[in-house]
Amino acid sequence: MVVLSKGELEQIALPAVQRTAPPLAVVPEIDLDKAARDGANGRAAAARAVAAACEKHGFFKVTGHGVPAAILARMDAAAAAFFALQQQEKDAATAFGYSSKRIGCNGDLGWVEYLLLGVTPSGAAPLPESSDASTCSFRDLLNEYIAAVRRMTCTVLKLMAEGLGLDEKDAFSRLVLDKESDSMLRVNHYPPRPELKQLGGHGRLTGFGEHTDPQIISVLRSNDTSGLEISLRDGSWVSVPADRNSFFVNVGDALQVLTNGRFRSVPHRVMVNSARPRVSVIFFAGPPPRERLAPLPELVGEGGRRCYREFTWREYKTSAYRTKLSENRLCYFETAATS
Ligand SMILES: C=C1C[C@]23C[C@@]1(O)CC[C@H]2[C@@]12CC[C@H](O)[C@@](C)(C(=O)O1)[C@H]2[C@@H]3C(=O)O
Ligand SMILES: O=C(O)CCC(=O)C(=O)O
Ligand SMILES: [Fe+2]
């Protein structure tokens, strides 16, 4: 079990009094099933809508996603069963990257416990030979989930390329399908904190602090407990109404670079609910470590300014993982603006 110091405990146990974020009035929504059914026109309309949402918020919702309901139901049940285990059993789940309250290695804390796994195109990282049957069957389920979500992720990435008018329609999806793609899967559990209620709706406890995701895109599904908040272009925060039947897509830092800042990586955070647990599962779609990332020439244009220098994903990830959660990680890779 993670034992926190008194100072650390105070950081997450004392709810900060903040204004409750109002709900995002219009959540951009893309129906993949409809886009496929409506032929070329439907697809073009979906591509335009995806690009518009990525430019405006760096965030949108995906419906008609095609991930089988049976896989989602099994994931929900498996996640609930795992987080209901005794603390000692959860602490032993090192093969699935279990941890609680500490986020990353640079002192960030949150009211959250989670599983965090590296993912390659063949699935989640291999388990030790000695793994028992229930561990193997959980890993198999994670792999089924990853395969289905990766398929949908690639459909979304192709729509993004199309919406940007790129000649190479798999400019983004090929990075995630590459046999060395460095993706991740995270399962977060935010236990409820009833004492927040006594603070009359003013008590706010951070589950996962403000940050952007370093990867290309992140594809998130949660149960029906809200808590996810995103920051709009004007710096205000809005909450995202939960919807267990949909997925939510965040633009990550790598896509901001590839699009030369046209799509923006969206700052987001999670606040804890007073009454109900939130469980979320996030697929972070990343490129291979050796992949060189730089603004795509088509998006810089002749005589245009490249806002970021070239770097490898390995270089970026190493640099990002040295930063605290809320830091601006992209600034070290920006080119100097000349007037
Ligand atoms: C504080 C940190 C946690 C994080 C690594 C980092 O140093 C900065 C980026 C964080 C983040 C955010 C998105 C994902 O949840 C994550 C797995 C990732 O790739 O970058 C986390 C990292 C983490 O939890 O280790
Ligand atoms: O749990 C959530 O809903 C979002 C968490 C998140 O942003 C992350 O794990 O990077
Ligand atoms: Fe995130």
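For the numbers below, each heavy atom of this structure counts, side chains included, while hydrogens, waters and symmetry mates do not. Indexing begins at 1, ligand by ligand and atom by atom, following the structure's order.
- The closest approach of Asp213 to the Fe ion (ligand 3), by N/O/S atoms, is made by OD1.
- A heavy-atom distance below 4.5 Å is not found between the side chains of Tyr190 and Glu113.
- Within the structure, the closest approach of Tyr114 to ligand 2 does not fall below 4.0 Å when heavy atoms are considered.
- Counting heavy atoms under 4.0 Å from ligand 2, residue Asn250 does not touch it at all.
- For the pair Arg278 and ligand 2, a heavy-atom separation below 4.0 Å is found.
- The closest approach between a heavy atom of Lys317 and any atom of ligand 1 is not below 4.0 Å.
- Partner Glu162 forms a side chain to side chain donor-acceptor pair (under 3.5 Å) with one of Lys169, Arg43, Arg48 and no other, that one being Arg43.
- Inspection of the Thr335 and Arg305 side chains reveals an N or O donor paired with an N or O acceptor under 3.5 Å.
- With Trp313 as the aromatic partner, Arg290 does not meet the cation-pi criteria of under 6.0 angstrom to the ring centre and within 45 degrees of the ring axis.
- Each of the atoms 1 (O), 2 (C), 3 (O), 4 (C) of ligand 2 lies under 4.0 Å from some heavy atom of Val270.
- Val257 is listed as a side-chain neighbour of Pro295, based on a closest heavy-atom distance under 4.5 Å.
- With a 4.0 Å heavy-atom cut-off, ligand 1 is reached by no atom of Cys105.
- With ligand atoms numbered from 1 in the order given, ligand 2 contributes 2 (C), 3 (O), 4 (C) to contacts under 4.0 Å with heavy atoms of Leu220.
- In this structure, CG on Leu258 lies 6.5 Å from CD1 on Ile216, to the nearest 0.5 angstrom.
- Taking every non-hydrogen atom of His268 and a distance limit under 4.0 Å, the qualifying atoms of ligand 2 come out as 7 (O).
- Here Val112 has no heavy atoms under 4.0 Å from ligand 2, in either its backbone or its side chain.
- Residue Asp213 approaches ligand 2 through these ligand atoms, each under 4.0 Å from one of its heavy atoms: 10 (O).
- The ligand atoms of ligand 2 that sit less than 4.0 angstrom from a heavy atom of Arg186 are 9 (O).
- Using a cut-off of 4.0 Å between Lys/Arg side-chain N and Asp/Glu carboxylate O, Arg102 and Asp108 are scored as not salt-bridged.
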